[in-house]
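Values in this document were obtained by computation on a predicted structure and should not be read as measured data. For the single chain, residues carry numbers from 1 onward in sequence order.
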Amino acid sequence: MARKFSRSHDEGPRSDWQGAFRNDPQKGEAARSDQQRRARIEIAFEEQTVLGALFGQFDQNLVQIENRLGVYISARGNKAVIEGPDDAVARARDVLKGMHQRLLAGHEVDSGAVESLIMMSNEPTLEGIITGAPDGAPPIMIRTRKKTIVPRSATQIEYMRALVRDDLIFALGPAGTGKTYLAVAQAVAQLISGSVQRLILSRPAVEAGERLGFLPGDMKEKVDPYLRPIYDALYDCMPPEQVERRLASGEIEIAPIAFMRGRTLADAFVILDEAQNTTPMQMKMFLTRFGQNSRMVICGDPKQTDLPGGTAASGLNDAVKRLEGVEGIGMVRFNVADVVRHPIVGRIVEAYEGKDG
């Protein structure tokens, strides 16, 4: 089977880095400068039924690792030989092992998963995270009715731990990092297990200057478009009929933040999405709804607000400044490296942040 850079499995590892990186002179130069500390290791995979998915169609997963880490990977049978700078070889080995373990656990491995594992390979605990924590502790995951969710970036590991540990969590960062999705998944898991009685999912009805009064329909029809991302996450974690039944019974409530005033939210998992579009008074009102046996997650991107011109500062930024370091409150900060959507999303976010900054 032909490989990228016009080489085949049977050629074996190259000693000529110029050929492997002819399309990227900068990367090739970096690889040549590291030749004095090159390493070569071989990995054997016992479970061969997943090798097709592991290597990818036309070995696209291996090519992705090669291009990102500056190594050469030769796959033959159930073995892979990795050659390159010693630190990059170690990272590539961990990435391949992590991919193999995910496949054995029944999870898909696509280009996004490969990219996430590559980013996580800087973490020395990568192998333990994928195969199981030390001392026999269970691996980090969220189980829902439809799927089991595992972390896809180093910050998601921290976030998933905070979702279990802390009563109030602020998840801060750009779009595509899994802030809302993981919060909804954890909320669904706790509702199913019975540790909470209700899911309350809220979001400010502020979008690009639109006003609710100018939109057609009743109140539900007016606010549903703003809450669509929350619905999407719910349907991804629960069968549709269960979502509809729990919405009808009130076990799951989705409402704009204005509907929270005057309430005490006890025995509930409460999520506020797009929190950067709250005012400081709205945020204070929402946070003080916190009741007994509840957990609250505040998600938002401090760098992106749709508040109308002349409005007071973002309630999210104000709350983070006031509550940083308060006992029982977790602060998890994502960045562009944690984007787990299509890789181009991360590059778009990076370009916009660079321009604005």
Student: Give, for atom CG of L316 and atom CD of Q282, the distance between the pair rounded to the nearest 0.5 Å.
Tutor: 12.5 Å
Student: If only atom types and distance count, is the side chain of Q197 paired as donor or acceptor with the main-chain N or O of D267 below 3.5 Å?
Tutor: no
Student: Between R333 and G173, is there a donor-acceptor pair closer than 3.5 Å when you use the side chain of the first and the backbone of the second?
Tutor: no
Student: Does R295 reach the main-chain N or O of V164 with its side chain, forming a donor-acceptor pair under 3.5 Å?
Tutor: yes
Student: Would you confirm whether S202, through its side chain, and L272, through its main-chain N or O, come within 3.5 Å as a donor-acceptor pair?
Tutor: no
Student: Check whether any side-chain heavy atom of V184 lies under 4.5 Å from a side-chain heavy atom of L234, and answer yes or no.
Tutor: yes
Student: Is there a side-chain contact between I200 and M260 in this structure, where contact means two heavy atoms from C-beta onward sitting under 4.5 Å apart?
Tutor: yes
Student: With a 4.5 Å heavy-atom cut-off, do D318 and M283 have their side chains touching?
Tutor: no
Student: Are I65 and V114 side-chain neighbours, meaning at least one heavy-atom pair lies under 4.5 Å?
Tutor: yes
Student: Kindly state each residue pair satisfying salt bridge (charged side-chain N to carboxylate O under 4.0 Å, His left out) with at least one member in residues 254-265, sequence neighbours excluded.
Tutor: E253-R263
Student: Would you say Q64's side chain and S111's backbone share a donor-acceptor pair under 3.5 angstrom?
Tutor: yes
Student: Holding to ring pair (Phe, Tyr, Trp, His ring centres under 6.0 Å), I want the full list of residues that pass it with H100, two or more places apart in sequence or in another chain.
Tutor: F45
Student: Determine whether a donor-acceptor pair (N or O, by modelled atom type, separation under 3.5 Å) exists between the side chain of N61 and the backbone of L54.
Tutor: yes
Student: Kindly indicate whether the side chain of L172, heavy atoms from C-beta on, has any atom under 4.5 Å from the side chain of V320.
Tutor: yes
Student: Donor-acceptor pair, R91 side chain versus I118 backbone, under 3.5 Å?
Tutor: yes
Student: Strictly distance-based, threshold 3.5 Å: is any side-chain N or O of S294 a donor or acceptor partner for the main-chain N or O of L265?
Tutor: yes
Student: Check whether more than 12 heavy atoms from other residues, nucleotides or ligands sit under 6.0 Å from atom CD of E108, and answer yes or no.
Tutor: no
